[in-house]
**Student:** 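The structure follows.
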2 protein chains.
Amino acid sequence: MREGPDIARIASLIGDPARANMLNALMGGTALTASELALEAGVSLPTASSHLSKLMDGGLLTLASQGRHRYYGLASPQVAGMIEAIIGVAEAVGPKRVRPGPRDAAMRVARVCYDHLAGEQAVAMLDRLVDRKLLLREENEIRLSPSGASHFSALGIETDSKSRRPVCRACLDWSVRRSHLAGTLGAAILDKIIAENWARREKDSRAVVFSPNGRQAFERVFLC
Amino acid sequence: MREGPDIARIASLIGDPARANMLNALMGGTALTASELALEAGVSLPTASSHLSKLMDGGLLTLASQGRHRYYGLASPQVAGMIEAIIGVAEAVGPKRVRPGPRDAAMRVARVCYDHLAGEQAVAMLDRLVDRKLLLREENEIRLSPSGASHFSALGIETDSKSRRPVCRACLDWSVRRSHLAGTLGAAILDKIIAENWARREKDSRAVVFSPNGRQAFERVFLC
DNA sequence: GGAATGCTTCGATAAGGATCGAACTATGCG
DNA sequence: CGCATAGTTCGATCCTTATCGAAGCATTCC
């Protein structure tokens, strides 16, 4: 009864609308200050501060102090994955919104998931990389193949795992209900997409919008 | 404050300890009745009923009515996956629970789960009964084998299902995270354990404490 | 130093919701 | 029909917690 991991504690942290909005905003991957998060959540600064310290206590956030600025970010990809999973359920059972606006359509196609790409494009990319045997997939395990290593290296993408973080990880996509690529490789690919100017981040949103040329380039490189 | 899927609504449903316990109990995949869930959550029946209707409204549960029994189950594998994700985070950040007291230790070993035995002893028993082919197990389905029927009959345990209630049912054990035996057979075995005076119920607790002789007898009969 | 900015803590208030007993409905049993 | 079991609804209580204003720290800039 009161055994096992305390999932109620974690869930109740996310269960407050103000905190949920903050976490949602942080799903974009960039760390934000308390003021920015207060604005995002629509609460006063003291209220936001209180929420943030609770999220910190709960282990859901990390804090990077830089002078008088304090940047809050999601604690780990695992936390991001959990939030994605909750979003997925909320989408599935939630009151179907009258009509999905254009922003939603863009989100469905491509968006940022913490630090990597998600959405239809990302799911298609993982499928393709597996088809081409650049990645080897077994259930939820994804590994880099030798040919994959040289392939990404040729693209200027580092695939050595310096940290403890895995190079490849499967992350469930709420809009497509299938996995896309996370891990350091997933993050590096998103970096490249932005660096090459193939796409830009939509302001105040997780949506990632490809330019016509950028989409072609992306498809040529990652969708064969 | 962007609009999006209402993750706070979903998370707050899981954020109540009673509801979290219920969902945890349902993670085994078998549907449970309101009474069973009330016991599992440690709340009264009216309280459980209120929680269950909230979970239903939230789309997290499905309901199968069979006569006067109402079996609640998780709405989908997607919901189960979300809960798994939350468990994962809770495990990762969870401040290792306070030291388990002696009562908790006893509960871990053996306790009552509604009307049958749960805990390490019960899990071991089910394993053993399956090994001995007295019970046939396929995933979460458990059936009585012909040899099992005569075996239990010889022990004075009735195995005819007079009611609609199944003879055998798998019930997920929260302390061991594996299944133990429920259903009328599980209930009958617990009855026998108490009737033979092998063990007594701890007062005001679900713990079941075996006497030294009782434990030997139990092991001789059920653990081979 | 003093002023300005970023953020946290404190205190009071208010609202939400978890809880249970009692009463009520529904199904099954004889 | 009468009784027992399973479950829900209602009403009252009580506790948690979200909220903001005011005040308090901390850092930076001039």
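Below, chain A is the first sequence line, B the second, and so on; all start at residue 1. Atoms considered below: every heavy atom in the structure, side chains included; atoms not considered: hydrogens, waters and symmetry mates.
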**Student:** Check the distance between D:dT8's P and B:Leu61's CG and give it to me in whole angstrom.
**Tutor:**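 About 11 Å, once rounded to whole Å.
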**Student:** Just checking A:Thr33: base, sugar-phosphate only, or nothing, at a heavy-atom cut-off of under 4.0 Å?
**Tutor:** sugar-phosphate
**Student:** According to the side-chain hydrogen bond (donor to acceptor under 3.5 Å, both in side chains) rule, which pairs have a member within residues 54-63 of chain A, sequence neighbours left out?
**Tutor:**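 Qualifying pairs, neighbours excluded: none.
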**Student:** Suppose we screen for side-chain hydrogen bond (donor to acceptor under 3.5 Å, both in side chains). Which residues come up paired with B:Glu219, at least two apart in sequence or across chains?
**Tutor:** none
**Student:** Who passes side-chain hydrogen bond (donor to acceptor under 3.5 Å, both in side chains) against B:Ser147, sequence neighbours left out?
**Tutor:** B:Ser145
**Student:** Which residues satisfy the side-chain hydrogen bond (donor to acceptor under 3.5 Å, both in side chains) test with A:Ser53, sequence neighbours excluded?
**Tutor:**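 Not a single residue meets the side-chain hydrogen bond (donor to acceptor under 3.5 Å, both in side chains) criterion with A:Ser53.
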**Student:** Mind checking what makes side-chain contact (heavy atoms from CB on, under 4.5 Å) contact with A:Ser211, not counting sequence neighbours?
**Tutor:**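 A:Ser211 satisfies side-chain contact (heavy atoms from CB on, under 4.5 Å) with A:Asn213 only.
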**Student:** Starting from P on C:dG6, measure out to CG on A:Leu39 and report it in whole angstrom.
**Tutor:** 13 Å
**Student:** Between B:Leu32 (CG) and D:dA6 (P), how many Å, whole number?
**Tutor:**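 Spelled out: CG on B:Leu32 to P on D:dA6 is 14 Å.
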**Student:** Report the residues that fulfil salt bridge (charged side-chain N to carboxylate O under 4.0 Å, His left out) with B:Arg132, sequence neighbours left out, ordered by chain and then residue number.
**Tutor:** none
**Student:** Given D:dT8, is OP1 or OP2 found less than 4.0 Å from the side-chain N or O atoms of B:Ser53?
**Tutor:**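 Result: no.
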**Student:** Which whole-number value in Å describes the distance from A:Ile14 CD1 to D:dT17 C1'?
**Tutor:** 17 Å
**Student:** Under the side-chain hydrogen bond (donor to acceptor under 3.5 Å, both in side chains) rule, collect the residues that match up with B:Gln216, sequence neighbours excluded.
**Tutor:** none
**Student:** By side-chain contact (heavy atoms from CB on, under 4.5 Å), which residues pair with A:Ala122, not counting sequence neighbours?
**Tutor:**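 Only A:Leu117, A:His180 meet the side-chain contact (heavy atoms from CB on, under 4.5 Å) criterion with A:Ala122.
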**Student:** Just the rounded figure in Å: distance from C1' of D:dT17 to CG of A:Leu52.
**Tutor:** 16 Å
**Student:** Would you work out how much the helix from C:dG1-D:dC30 to C:dG30-D:dC1 bends between its ends, with each end axis defined by five base pairs, to 10 degrees?
**Tutor:**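 Answer rounded to 10°: the end axes differ by 30°.
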**Student:** Step by step, work out the side chain to side chain donor-acceptor pair (under 3.5 Å) result for B:Ser50 and B:Thr47.
**Tutor:** CA-CA 5 Å; B:Ser50 157; B:Thr47 302; over 6 Å; no
**Student:** From CZ of B:Arg70 over to P of C:dT25, roughly how many Å is that when rounded to an integer?
**Tutor:**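 Going from B:Arg70 (CZ) to C:dT25 (P), I get 16 Å.
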**Student:** Let me know the distance between CG of B:Leu37 and P of D:dT8, rounded to the nearest Å.
**Tutor:** 10 Å
**Student:** Between N or O atoms, less than 3.5 Å apart, protein on one side and nucleotides 14-16 of chain D on the other: list the pairs.
**Tutor:**
none

**Student:** Decide side chain to side chain contact (heavy atoms under 4.5 Å, CB included) for A:Leu55 and A:Leu23; before the verdict, give the C-alpha distance in whole Å, the side-chain angles of both, and the deciding distance to 0.1 Å.
**Tutor:** CA-CA 9 Å; A:Leu55 288 170; A:Leu23 291 168; 4.3 Å; yes
**Student:** Check nucleotides 13-20 of chain C for protein N or O atoms closer than 3.5 Å to its own N or O atoms and list the pairs.
**Tutor:**
from, atom 1, to, atom 2, distance (Å)
C:dA18, OP2, B:Arg19, NH1, 3.1
C:dA18, OP2, B:Lys54, NZ, 3.0
C:dA18, O5', B:Asp16, OD1, 3.4
C:dT19, OP2, B:His51, NE2, 2.4
C:dC20, OP2, B:Ser44, N, 3.1
C:dC20, OP2, B:Ser44, OG, 3.0
C:dC20, OP2, B:Thr47, OG1, 2.7

**Student:** Under 4.0 Å between any heavy atoms, over every strand shown, what does B:Tyr72 touch: base, sugar-phosphate, or nothing? Just pick one.
**Tutor:** sugar-phosphate
**Student:** Please list, chain by chain and in numerical order, all residues satisfying ring pair (Phe, Tyr, Trp, His ring centres under 6.0 Å) with B:Phe218, sequence neighbours excluded.
**Tutor:** B:Phe210, B:Phe222
